[in-house]
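Before any comments, here is the structure.
What you see is a predicted model, and the numbers here were worked out from it, not measured in a lab. The figures that follow rest on heavy atoms only: side chains count, while hydrogens, waters and symmetry mates do not.
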Amino acid sequence: PDTAEQLARLLDSGVRVAVATGRGKSVGDVLRAKIPEALWERLLVGYYNGACLGPLSDPTLPDVASPPYEALSALYDAFSRSPVVG
């Protein structure tokens, strides 16, 4: 609760905040339950350690069916083609 309160305080003050987490959809659900909806657009969430980025206001994220964040596309493609990893 204290963390959510401080995030809301920063966001309400106009500070744009980014959070990176190893978690997926569940973190968005938790944050949306704790942060006022009017502030969701200002909070950038990096799901799966930043592989999927977007505002908290986007309920479709993380979209695990889509390729990961553009900067990681080449790495994703290489792993996907690997007989060892893929």
Sequence neighbours excluded and cut-off under 3.5 Å, please list the side-chain donor-acceptor pairs for residues 38-47, or say none.
from	atom 1	to	atom 2	distance (Å)
Trp40	NE1	Ile35	O	2.7
Trp40	NE1	Pro36	O	3.4
Glu41	OE1	Ser57	OG	2.5
Arg42	NH1	Leu11	O	2.6

Show the atom names and distances, to 0.1 Å, of all donor-acceptor pairs under 3.5 Å that link a side chain in residues 3-10 to residues at least two apart or in another chain.
from	atom 1	to	atom 2	distance (Å)
Gln6	OE1	Arg9	NE	2.8
Gln6	OE1	Arg9	NH2	3.2

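Side chain of Ser82 to main chain of Val84: a donor-acceptor pair is present (N/O by atom type, distance under 3.5 Å, no hydrogens or angles).
Partners of Asp29 according to the side-chain contact (heavy atoms from CB on, under 4.5 Å) rule, which considers only residues two or more places apart in sequence or in another chain, are Lys25, Arg32.
Val30 and Tyr48 end up in different hydrophobic clusters when Ile, Leu, Val, Met, Phe, Trp and Tyr side chains are linked at under 4.5 Å.
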